[in-house]
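Report on the following structure.
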Amino acid sequence: MENLKLTFEKSISSITTMEELSKLKSTYLGKKGLLKEFQHKTSFDAMNPNEKRRYGKRFNDIKSHMAKSIAEKQKTLEDKNLIKTIDLTLPSIRNQKGRLHPISAIRIELEDICSSMGFMILNGKEVETDYNNFQSLNTPKDHPARDMQDTFWLSNGKLLRTQTSANQVQAMKQWGAPLRAVFLGKCFRYETMDTTHETTFYQMEGIVVDRNISIANVIAVMKEILSAVFHHNVEVRLRPGYFPFVEPAFELDIKCLICGGTGCKGCKNAGWLELLPCGLIHPVVLKNGGIDTEIYNGFAFGLGLTRLVMMRYQIPDIRYFNSGDYRFLQQF
Amino acid sequence: MKLLLSWLNDYVSISDIDPFDLAEKLTMATAEIEDVIKIERKLEHVVIGEVVSFKKILNKGCLSEVIVSNGEKAVRTVTHFNNLKRGDKIVLAMRGAVLNNGIYVQLKEIAGVESIGKICSAADLNLGPFDEEAIRLPSDSLAGTKVSDLINSIEYILEVDNKSLTHRPDLWGHYGFAREIAAILQRPLKNLETINLDKSIGLPSIPIKIKDHESCQVYCAVKLNKLNVEPSSLKIQSRLKALDQKAVNNLVDLSNYVMFEIGQPTHAFEGSKINGIIVRFLDSNKQFQTLDRLERNLVASDLVICDEANNTIALAGIMGGADSQISTTTNSILLESANFKGSLVRKTARRLSLHTEASKRFEKQLPSSLSELAIKRLLHLLSSENIGFEISSALSIEGSLEDQSRKIEVPMDFLHRRMGKQLQLSLVKKLLESIGFFVIEKENKIVVTVPPYRSQQDISIPEDILEEIARLYGYEKIQPVLPNTPMKTSYIDPVLNLERRVRSYLTERCGFMEVQTYNWFDDELLQSLEIRVTEGQVLLNPTSPKSSNLRSCLLPNLLGVVQKNIHYRSEGRIFEIGKVFNQDNEETVLTGLVYENLNEIDLEDFFRRKKGVVEECMDAIEQSHAFKVIDSKTTAEGIKTNRLLEIGSNDRKVGVMGIVPQTISSKIAPNTILVFCTLFLEKLVKPGLQKQLFHQISKYPDSWFDFSLIYTDQTPYERIASQLERFSDPLLQGYSFLYKYQGREIPGDKVCYTFRFKVAANDHTLSKEEIEQVHFRLQDHFRAEGIQMR
């Protein structure tokens, strides 16, 4: 009986098809199978009741073991067949994927960076008053700096903001000092559009108002923010610039990320890229914002977000952003 | 603005400095130098020549035969210049010269005449572009002089970014930049030589009247007689041409030269015609012909210069008039140098779109003292250029040459705190003095006197002094220090926060593409789709007349996006979050638009799924939601429709949802359904749903059974739901709608709705009998409501 079990184990392990398995099943468990045959051959008369009982138990154990093994084998073979019917190399079917507009994607990144440094994330209006966009920023009606920006005027005397700086004085009035805030959004200039000029673009303005803010602070904070933006320890430098609402005013350059400062096509061989204007906030602006200039001063910076996104993804034409073109938007 | 290095070298020695290094230094300390341009001039075998004879070659059009003396001998040349005469001084390229434009001068037969020289134009010598006239030189030029002795064969030009000079009128001339360079390099700056006018004291004055001293602080004038008007020297011509200026004659050229030197424009009137000056505002609109022979429409607020008889002779600070222009035969002029109010000049120049080199400078508000300096400098240059003239009037000055003297007190402590660095007082003093500031030490302060050439707008507060010190010291020498600030959690504007949540939900979870469109409508699109939007704010100066209306809703622009994309994609899901504008306000809204080919979908199923997106989105931003069918003619998002879903939350209308009518959708994309939804995000800022607290999970299993109910096909689901709502039972946990069925066994005008009812108790497992009891009670309810069961 034990031999029968051994040969069964041997043959079942080498079986690979259903046909072989059903053959094996009938060979051992069939009406004229080996087990039946073995049972017939056995002479029960020679056994005492104890032996009979042991024999019966052993026989049933082996029989049910065989049945179980065959059933298991059958499952395994079925499984194998099932998987075989699927072509695993077929391409996947994916859920339709949505995309953030590239401006939104970078916007979230920037706001998160600034938020992590304790800046408030504030909102602003797109239709603004002359006062908020210009006058409060030390740019009276006949100021030559107004020539630097071509403004969209509205029939009600208001304008489409030309710069997110339009929020500076409003933020100071609402939140007071000390203050750390960024405001990011659409700005508008009356421009003839080409690959680098758009009527509608994004800026991020940041202001810090506190005690004893210094030029050394400007350099350090900008370096910190920009290093996070570019995922790289960037080198920055300041040079004189001119914006009526900051004094002194700076142009901030970063060392070219492509060539590292040795000069390449990307930086027009200068080694440095002009990135953003900044400066210590003009006392007139602080006063307009109700800040006590005896105690507080501050700095402000303005980052051209659209240009940053163009740099990041190497987008050659600014007009794509408002085109709504799927072929553009699905790339990001 | 352009700067010539050789010109700068007149005032500060820079010939040993690499031009690119100098540009970098100026960029870092003064103003951005955008470009360094190298100009090479091939001047070998090029000399001054004197025309000996000139005759036209017959039948050869414009060609002439000219004999030119090169100082040693006469040279025969053939030229196309046709107005030369004996004695004219010109530039002659002799045999062997290779000019910049590639012309190789050799013995050649032209039109049957042997020619071995070339009379040169400015373009031939690379003095200025496109200048094809023969160069004319003053009559006292010496034939045979090598041109390379008069002008540089290599010239560097620095191109300055004008934007960085907006506040620096002192930098609108070479001398101002020389002063900066001298300070940066710590080298001496040469003084400007001027004429001594002692001799003219006692001569008659020119009567000058200034009607409004605020608009014209000072007006200086002097009359010159016996002036020898002829071409300028080659040096003056070459310098002006390198700055893209025309060479006219010695007087006009030197007037320009002084402007490019110290930044103060001057103007010469025909002297014989004018005996007095009145500066005033026009009292009525009038036409005025300017020097460039164009008629200009002047208005009453324009500041003009008039002669003693009140005839307008110049547009103050912008351009002179054609009538008073000096002629080539003149020998008497009235020379003007004045100070006009910058904003007035700017306003008129802008209105007329007439931006001249003069107006660009006056706009920046020049110091008054420059007016006198310009005349004295110009007269000095006339003398040093050997141009004959006689001063026939006193230097007449009306108004004040005194610029308001400014003293600014700056505490040393202020400087240190603002810079974030300690500087020695002696260094501070040295830096300021190097650009002409006068410094007195006083306890822990410095008292700084601002030189007159630095404008009031530029330097008036301690911060301005800080800038001067810091930029000359070098920003790169200041080490970065992060500020010390109190720890506070940061804040995000709630609307922005909501925008972020909705954006990420729709893109990451619902497969929507975010688009951005312009803040104005495309009127052409509105017209073609017959969309009528409410009148909102209007742009006065749109980039196109079709884009003057600010958008009052987002949908029309999104329809435009679909129209553009339909060729690439027959289905899509887009949304925009942006500002919309009504008469006097703006609001942040979200509009989503989903479109799909009608053949691909089951319409009802499609709409239900989109409704699901709206509901899930509301869940995601923790808002309740309720839909209300509006079954009458309404307008939403600019489109007229007969049916609309109004979205409510906490009893407020917070949005709309609907299907774009076929009349519009067929024009955008044939056979396509467009479902839109707008949410007024600012109404959804405050969380409207209470956060659910934990509730005990039942230990006992629940059971369910299905019921199918038959309704006429006109019955809205809303009514069925309310009938079901009216049934309540302690064991009923809830029900859900499974599906709607029409077909076999259901009469044609009927619809079968199948629901699943869930029953359970929280203290025991329900027995079969209990479940049956609920079943019976429900059947009773349906019978009572008159509902047919299947």
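Here is how names work: the chains are called A, B, and so on, in the same order as the sequence lines, proteins then strands, and each is numbered from 1. As the structure is a prediction and not an experimental result, all values here were calculated from the model.
Scanning all heavy atoms of the two residues, the minimum distance from A:Pro248 to B:Glu467 falls at CB-CB, 3.5 Å. Scanning both residues, A:Asp150 and B:Arg350, for their nearest heavy atoms gives OD1-NH2, 4.0 Å. Summarising the geometry of B:Pro480 relative to A:Ile219, their closest heavy-atom pair is CB-CG2, 4.0 Å, with the distance given to 0.1 Å. In plain terms, the two heavy atoms of B:Arg503 and A:Ser104 that are nearest each other are NE-OG, 3.2 Å. Between A:Thr151 and B:Asn541, the shortest heavy-atom contact is O-ND2, 2.8 Å. Of all heavy-atom pairs between B:Glu586 and A:Val127, the closest is OE1-N, 2.9 Å.
Distance alone, capped at 3.5 Å, is enough to place a donor-acceptor pair between the B:Glu514 side chain and the A:His101 backbone. Under a 3.5 Å cut-off, the side chain of A:Asn212 and the backbone N or O of B:Arg418 do not form any donor-acceptor pair. A distance-only check finds a donor-acceptor pair linking the side chain of B:Asn565 to the backbone of A:Tyr326 [under 3.5 Å].
Interface residue B:Ala470: only side-chain heavy atoms are found under 4.5 Å from chain A. In this structure, no portion of B:Ser548 lies under 4.5 Å from any heavy atom of chain A. Heavy-atom distances place the side chain of B:Ile461, and not its backbone, under 4.5 Å from chain A. Looking at B:Pro494, neither its backbone nor its side chain comes within 4.5 Å of chain A, counting heavy atoms on both sides. No part of B:Asn497 comes within reach of chain A, as not one of its non-hydrogen atoms sits under 4.5 angstrom from that chain. Within the 4.5 angstrom heavy-atom criterion, only backbone atoms of B:Phe512 (N, CA, C, O) approach chain A. No part of B:Phe20 comes within reach of chain A, as not one of its non-hydrogen atoms sits under 4.5 angstrom from that chain. For chain A, no part of B:Gln365 is nearby; none of its heavy atoms comes within less than 4.5 Å. Heavy-atom distances place no part of B:Arg168 under 4.5 Å from chain A, backbone and side chain included. With a threshold of 4.5 angstrom between heavy atoms, B:Lys564 approaches chain A through side-chain atoms but not through N, CA, C or O.
Rounded to the nearest 0.5 angstrom, A:Phe188 CZ and B:Thr543 OG1 are separated by 12.0 Å. Atoms CE and CG, on A:Met120 and B:Asp493 in that order, are 9.5 Å from each other to the nearest 0.5 Å. How far CZ of B:Arg569 is from CZ of A:Arg327: 11.5 Å, rounded to the nearest 0.5 Å. Atom CG of residue A:Leu160 and atom CD of residue B:Gln537 lie 8.5 Å apart, to the nearest 0.5 angstrom. Taking CD of A:Glu247 as the start and CD1 of B:Ile465 as the end, the distance is 9.5 Å to the nearest 0.5 Å. We find the CD-NZ distance between B:Glu587 and A:Lys125 to be 11.0 Å, quoted to the nearest 0.5 Å.
With a 4.5 Å cut-off on side-chain heavy atoms, A:Phe152 and B:Leu550 do not count as touching. The shortest side-chain heavy-atom distance between B:Val481 and A:Ser214 does not fall under the 4.5 Å cut-off. Looking at B:Met419 and A:Ile215, their side chains come closer than 4.5 Å, going by heavy atoms from C-beta outward. You'll find the side chain of A:Leu329 reaches within 4.5 Å of the side chain of B:Val515, heavy atoms only. Within the 4.5 Å cutoff, no side-chain heavy atoms of B:Glu463 are placed close to those of A:His282. Contact check for B:Tyr518 versus A:Thr199: side-chain heavy atoms found under the 4.5 Å cut-off.
Contacts with chain A were tallied for B:Ile478, B:Asn484, B:Leu540; B:Leu540 has the most, counting heavy-atom pairs under 4.5 Å. Between chain B and the residues A:Val182, A:Asn123, A:Ile103, the most heavy-atom pairs under 4.5 angstrom are made by A:Asn123.
Annotation: cation-pi geometry not satisfied between A:Arg237 and B:Tyr475 (NZ/CZ under 6.0 angstrom from ring centroid, within 45° of ring axis).
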Walk me through whether B:Gln516 and A:Tyr202 qualify under side chain to side chain contact (heavy atoms under 4.5 Å, CB included).
CA-CA 12 Å; B:Gln516 290 190 357; A:Tyr202 276 78; 3.3 Å; yes

Under the side chain to side chain contact (heavy atoms under 4.5 Å, CB included) rule, what do A:Glu274 and B:Glu32 come out as? Steps first, then yes or no, please.
CA-CA 11 Å; A:Glu274 182 174 328; B:Glu32 186 178 347; 3.2 Å; yes

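Within 6.0 Å of atom NZ in B:Lys579, more than 12 heavy atoms from other residues, nucleotides or ligands are found, so the atom counts as buried in its surroundings.
A donor atom on one side chain and an acceptor atom on the other are found under 3.5 Å apart for A:Ser115 and B:Ser490.
With respect to B:Arg500 and A:Asp112, a salt bridge is recorded, a charged nitrogen being found less than 4.0 Å from a carboxylate O.
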